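Inspection log for the structure reproduced underneath, given as structure tokens.
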There are 2 protein chains.
Amino acid sequence: MDNEQLKLENQFCFRLYSAARLMMGAYHPYLDPLGITYPQYLVLLVLWEQDKQPVCDIGKRLMLDTNTMTPLLQRMEKAGLITRTRGKEDTRQRIVSLTKQGKALYEQAQDIPENMRKAVMMPESDVEELLQTIPTLDKLIEELKKLNK
Amino acid sequence: MDNEQLKLENQFCFRLYSAARLMMGAYHPYLDPLGITYPQYLVLLVLWEQDKQPVCDIGKRLMLDTNTMTPLLQRMEKAGLITRTRGKEDTRQRIVSLTKQGKALYEQAQDIPENMRKAVMMPESDVEELLQTIPTLDKLIEELKKLNK
DNA sequence: GCGATTTATATCGTTCACGATGCAAAATTA
DNA sequence: TAATTTTGCATCGTGAACGATATAAATCGC
């Protein structure tokens, strides 16, 4: 068992997988009080930017298919954060709208990005390093999106 | 809704989340033929490095708790990849061992890292960029681990 | 206009991920 | 040694993810 590439420590993907998991865990202190999960937070981010979108548009932003979106949105509807109404021009669509409660969460979410940044508490230089990886991650995501077609 | 930090495009964490998901999807062409999932592949990576480990040791390497590990290992046992025997000195432990089939997969996995690298097909310089982010990701993971305690 | 295809959503089944809880064995402390 | 705490594993419930499949509406090609 001497293939260096097959060792856990040498795997970029394992880092990605672990960092993503741990990152979601780190959101708990900020999302639990709002009664939402990380994927639900992402849906809210999209809706806060632009209310009343069909499921597929939200899915495209989050790169999630309807088999993930539908149950997610159903749970959010049940929690009173959104409503799902039939589309007018295209009756296949479900237009997702924020409820008063869903809109109200926006105020409570104001400090989440800043709090997360502080929580990680890396030296300023490391945070800078992290942000510099964004273009690289974006390039990777673009390539991976092609593969996932 | 004008908080720039609350916009999806400005979120590092969303990139992490998306990249990790898409990355797992990209493994499908290589893992499906072996009949394993990405988390199962990770368990095998650990066992290929060192066979016969208790559940907790594997969990520590993968940063996963037993409530995730146990069902995962049970499925792998059912699939004939591993066995789980009681520990000799510490009878609480379950020692996880590779079966002949589990060991045999090692040969079939040889080209996976290289194939994944080729599949992403980023220019060589970008792959280099990606690998350069590893120390940064490791620092982030260390910080996140502290938060997840 | 009409059959074929695509699109938007939903459902089902399986696997993960993880909080909460339980239990027995081991280690620690009194 | 007895009492307490910790450790190792398991189970349950919930929420994602996602492949496969289904259905109806919209669009396309002719």
Side-chain angles (χ1 to χ4, degrees), chain A residues 14 17-29 31-32 35-43 53-60 62-79 81 84-96 144-145 147-149, chain B residues 17-29 31-32 35-43 53-60 62-79 81-82 84-96 144-145 147-149:
Chain A
F14 173 59
Y17 161 84
S18 300
R21 270 192 325 102
L22 294 170
M23 172 276 289
M24 281 198 263
Y27 267 93
H28 267 124
L31 298 183
D32 284 355
I36 57 175
T37 64
Y38 185 70
Q40 292 176 8
Y41 172 65
L42 292 179
V43 170
Q53 293 190 57
V55 175
C56 59
D57 285 11
I58 304 175
K60 268 171 208 142
L62 301 183
M63 299 174 255
L64 292 169
D65 213 339
T66 50
N67 53 359
T68 301
M69 291 303 300
T70 298
L72 181 56
L73 294 171
Q74 284 170 342
R75 283 185 289 269
M76 293 179 73
E77 184 172 42
K78 208 157 139 191
L81 301 171
R84 302 183 308 140
T85 57
R86 284 260 163 243
K88 292 278 164 57
E89 332 83 61
D90 190 334
T91 63
R92 293 171 306 178
Q93 291 185 338
R94 285 281 205 161
I95 308 298
V96 181
L144 290 171
K145 266 164 81 171
L147 289 179
N148 280 267
K149 273 183 195 153
Chain B
Y17 162 84
S18 299
R21 269 193 325 102
L22 295 169
M23 173 276 290
M24 282 198 261
Y27 267 93
H28 266 124
L31 299 184
D32 284 354
I36 56 174
T37 64
Y38 184 70
Q40 292 176 8
Y41 173 64
L42 293 180
V43 170
Q53 292 191 56
V55 175
C56 59
D57 285 11
I58 305 175
K60 269 171 207 143
L62 302 183
M63 298 175 255
L64 291 169
D65 215 337
T66 49
N67 53 359
T68 300
M69 291 302 300
T70 297
L72 181 56
L73 294 172
Q74 284 171 342
R75 282 185 291 268
M76 293 178 74
E77 185 172 42
K78 208 159 141 191
L81 302 171
I82 58 163
R84 302 182 308 139
T85 56
R86 283 260 164 245
K88 292 276 162 59
E89 333 82 62
D90 190 334
T91 63
R92 290 171 305 179
Q93 291 186 340
R94 286 279 206 165
I95 308 298
V96 181
L144 289 172
K145 267 164 81 172
L147 288 180
N148 278 265
K149 274 180 195 156

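Quantities reported herein were computed from a predicted structural model and do not represent experimental measurements.
Two residues are said to be in side-chain contact when any heavy atoms from C-beta on lie closer than 4.5 Å; A:Tyr17 and B:Leu42 meet this criterion. Considering only heavy atoms from C-beta on, B:Ile36 comes within 4.5 Å of B:Leu81 through its side chain. Proximity of B:Gln93 to B:Arg86: side-chain heavy atoms (C-beta onward) are nowhere separated by under 4.5 Å. The closest side-chain heavy-atom distance from A:Gln40 to A:Val43 is not below 4.5 Å.
At the heavy-atom level, A:Arg84 lies under 4.0 Å from the strands shown only through sugar-phosphate atoms.
Between the CE atom of B:Met69 and the P atom of C:dA17 there is a distance of 10 Å, given to the nearest Å. As rounded to whole Å, 13 Å separates atom P of D:dA16 from atom OH of A:Tyr38. Computed from coordinates, the A:Leu72 CG to C:dT11 P distance equals 14 Å when rounded to whole Å. Between A:Leu42 atom CG and D:dG15 atom P there is a gap of 17 Å when expressed in whole angstrom units. Taking atom CZ of residue A:Phe14 and atom P of nucleotide C:dA17, one finds them 11 Å apart after rounding to whole Å. The OH atom of B:Tyr17 sits 8 Å away from the C1' atom of D:dA17 (whole-angstrom rounding). Atom CG of B:Leu73 is separated from atom P of C:dT15 by 14 Å (rounded to the nearest Å). Atom OH in B:Tyr27 sits about 15 Å away from atom P in C:dC16, given to the nearest Å.
Partners of A:Tyr27 by ring-ring contact (aromatic ring centres under 6.0 Å, His included), not counting sequence neighbours, listed by chain and number: A:Tyr38, A:Tyr41. Judged as a side-chain contact (heavy atoms from CB on, under 4.5 Å), and not counting sequence neighbours, the contacts of A:Thr68 are A:Leu64. By the side chain to side chain donor-acceptor pair (under 3.5 Å) test, B:Asp65 pairs with no residue at all, sequence neighbours left out. Taking A:Lys145 as the reference, A:Glu142 meet the salt bridge (Lys or Arg N to Asp or Glu O under 4.0 Å) condition, with sequence neighbours excluded. For B:Asp90, the salt bridge (Lys or Arg N to Asp or Glu O under 4.0 Å) criterion is met by B:Arg92, not counting sequence neighbours.
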Output side-chain donor-acceptor pairs under 3.5 Å for residues 69-78 of chain B, partner residues at least two apart or in another chain, one line each.
unit_1: B:Thr70; atom_1: OG1; unit_2: B:Thr66; atom_2: O; d: 3.1
unit_1: B:Glu77; atom_1: OE1; unit_2: B:Arg84; atom_2: NE; d: 3.0
unit_1: B:Glu77; atom_1: OE2; unit_2: B:Arg84; atom_2: N; d: 3.2

Between the protein and nucleotides 18-21 of chain D, which nitrogen or oxygen pairs come in under 3.5 angstrom?
unit_1: D:dC18; atom_1: OP2; unit_2: B:Arg21; atom_2: NH1; d: 2.5
unit_1: D:dC18; atom_1: N4; unit_2: A:Asn67; atom_2: O; d: 3.4
unit_1: D:dG19; atom_1: N7; unit_2: A:Asn67; atom_2: ND2; d: 2.6
unit_1: D:dG19; atom_1: O6; unit_2: A:Asn67; atom_2: ND2; d: 3.4

List, with names and distances, any nitrogen or oxygen atoms from the protein found under 3.5 Å away from nitrogen or oxygen atoms belonging to nucleotides 1-8 of chain C.
unit_1: C:dT7; atom_1: O2; unit_2: A:Arg92; atom_2: NH1; d: 2.4

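Applying the 4.0 Å criterion to OP1 and OP2 of D:dT11, one finds that B:Gln74 has a side-chain N or O inside that range. Contact check, A:Thr37 against D:dA16: a side-chain N or O comes under 4.0 Å of OP1 or OP2. Side-chain nitrogen and oxygen atoms of A:Gln40 include at least one within less than 4.0 Å of the OP1 or OP2 phosphate oxygen of D:dA16. Applying the 4.0 Å criterion to OP1 and OP2 of D:dA26, one finds that A:Thr91 has a side-chain N or O inside that range.
For the residue pair B:Val55 and B:Val96, the shortest heavy atom distance occurs at CG2-CG2, 4.0 Å. Taking both residues in full, the closest heavy atoms of B:Met63 and A:Ser18 are given as CE-OG, 3.5 Å, listed atom of the first, atom of the second, then distance.
At its two ends the helix from C:dG1-D:dC30 to C:dA30-D:dT1 runs along axes set 30° apart, each axis drawn from five pairs and the angle rounded to 10°.
Checking D:dA16, C:dA25, C:dC16 against every side-chain atom of A:Arg75, the shortest atom distance belongs to D:dA16.
Between B:Pro39 and A:Arg86, the residue whose closest nucleotide on DNA chain C is further toward the 5' end is A:Arg86.
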